Protein chains: 2
Amino acid sequence: MRKRCNVVELLARGQVASTVHRVGVLKVISRSPKAIAPRSLLQEIRKTTPIDKVTLYRILDLFVAKKILRRMTGQKGTMCYEVMCEKHNPQHPHFVCRTCGDMECLEGIDISDVKQRLRHTRYIEEEAIDLKLEGVCGKCRTKKSFKKKGNPV
Amino acid sequence: MRKRCNVVELLARGQVASTVHRVGVLKVISRSPKAIAPRSLLQEIRKTTPIDKVTLYRILDLFVAKKILRRMTGQKGTMCYEVMCEKHNPQHPHFVCRTCGDMECLEGIDISDVKQRLRHTRYIEEEAIDLKLEGVCGKCRTKKSFKKKGNPV
DNA sequence: AATTTTATTGCAACTTAGTTGCATTGTGTT
DNA sequence: AACACAATGCAACTAAGTTGCAATAAAATT
């Protein structure tokens with residue numbers, strides 16, 4: 001489980017003015033154990049504050065530009081977001097469930113050698129490296145609908 | 001540049017009946033040096049034969065299910081496709097240009113050690129491993145609009 | 001403090017990728 | 001030919017994300 005980053009510090013680091021919505025968005029993301037998609041993000045935030053989807057998308061774009069968040073492509077082309085903080089949440093590969101679309105973080109797997117091999121071949125920013133694996137998550141594997149199809153357990 | 005796979009063999013291997021559209025789709029994909037998105041695919045195919053987008057999407061789904069094609073997530077959530085053939089087109093990482101969305105194949109980079117490390121942690125199918133890097137491709141880097149912004153060359 | 005300026009948010013309408021249901025056409029079998 | 005079934009096309013739809021613009025909130029200027 002990820003240690004939490006300080007929301008105010010993150011905003012300051014990105015030189016982004018603090019607003020209710022920005023803090024709210026960042027709080028939800030930093031508390032999520034998995035990378036999170038705009039859809040779930042909206043749902044979570046709206047439990048406490050009403051927010052328009054356009055506002056959310058704009059905040060997410062801003063945070064990615066200011067390197068406060070990492071953006072990864074998830075299932076079916078929806079994006080997923082996580083806090084970009086080398087200290088509390090260093091870069092790691094992700095596991096995407098092809099059934100439910102959940103994006104788990106695969107911590108403790110070192111990919112520095114892969115990065116090393118690739119760094120000089122293109123103009124690739126360090127944080128742009130996105131190692132992704134697809135499969136079926138534990139939750140989905142135990143569902144009857146999945147087992148019924150004769151899939152391996 | 002990739003060696004071409006035999007379209008008829010690929011269909012036979014997947015136990016998929018041969019039709020004009022299926023052969024057409026597979027021909028365009030197998031001739032493309034890069035992984036290709038449905039949008040460009042439609043454009044290419046329509047140069048010779050009229051085809052509905054629904055037909056294309058259904059053929060692509062079928063080919064992915066029958067392991068004739070690999071599907072990867074590209075820019076902004078559009079999917080990209082390439083021929084799945086260990087002999088002529090072994091699995092490899094991809095480089096996605098964040099400006100134009102092109103997906104280049106990074107051949108000659110071995111990631112078997114990464115796979116090895118990950119194989120037993122989850123139920124992950126061999127071919128589901130998707131190593132993706134993001135950056136700016138050579139073509140986009142030389143464009144005035146990109147240089148103007150003071151980006152590194 | 002009142003006013004001007006600038007940044008942030010919300011609303012409506014739009015774009016694009018991809019999907020679904022159903023009718024139509026094509027293909028193979030007897 | 002008649003039948004069954006697979007493949008295709010069409011129209012309408014969903015869902016993610018975007019754009020333009022007006023409304024509001026915050027910050028700066030007088």
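Just so we're clear, the structure is a prediction, and the values are computed from it rather than from any experiment. Chain letters run A, B, ... following the sequence lines, proteins first, then strands; residues in each count from 1.
Across the protein-nucleic acid pair, A:Asp52 atom CG and D:dG17 atom C1' stand 12 Å apart, rounded to whole Å. Atom CG in A:Leu56 sits about 12 Å away from atom C1' in D:dA16, given to the nearest Å. Residue B:Arg22 contributes atom CZ, which lies 10 Å from atom C1' of D:dT8 at whole-angstrom precision.
Between A:Thr73 and A:Lys132 the shortest side-chain heavy-atom distance falls below 4.5 Å.
A heavy-atom distance below 4.0 Å to DNA chain C is reached by these residues of residues 38-45 of chain B, ordered by number: B:Pro38, B:Arg39.
As a member of the Ile/Leu/Val/Met/Phe/Trp/Tyr network built from side-chain separations under 4.5 Å, B:Val8 groups with nothing else and remains a singleton.
Looking at residues two or more places apart in sequence or on another chain, you find a side chain to side chain contact (heavy atoms under 4.5 Å, CB included) between B:Met72 and B:Ala35, B:Arg70, B:Cys80, B:Glu82, B:His94, B:Met103, B:Asp130. In this structure, A:Arg39 has no side chain to side chain contact (heavy atoms under 4.5 Å, CB included) partners at least two apart in sequence or on a different chain. For A:Val54, the side chain to side chain contact (heavy atoms under 4.5 Å, CB included) partners are A:Asp52, A:Arg58, not counting sequence neighbours. By the side chain to side chain contact (heavy atoms under 4.5 Å, CB included) test, B:Thr48 is found to be paired with no residue, residues two or more places apart in sequence or in another chain being considered. Residues that satisfy the salt bridge (Lys or Arg N to Asp or Glu O under 4.0 Å) test with A:Arg71, not counting sequence neighbours, are A:Asp61.
Nucleotides of DNA chain C that come within less than 4.0 Å of any heavy atom of chain B span, from the 5' end to the 3' end, C:dA17 to C:dG21.
In this structure, A:Cys5 and A:Leu10 approach most closely via the heavy-atom pair CB-CD1, 3.8 Å.
Counting distance only, with no hydrogens placed and no angle test, the side-chain atoms of B:Arg58 and the base atoms of D:dG9 include a donor-acceptor pair under 3.5 Å.
Considering only side-chain N and O atoms, A:Tyr57 lies nowhere under 4.0 angstrom from the phosphate OP1 or OP2 of D:dT18.
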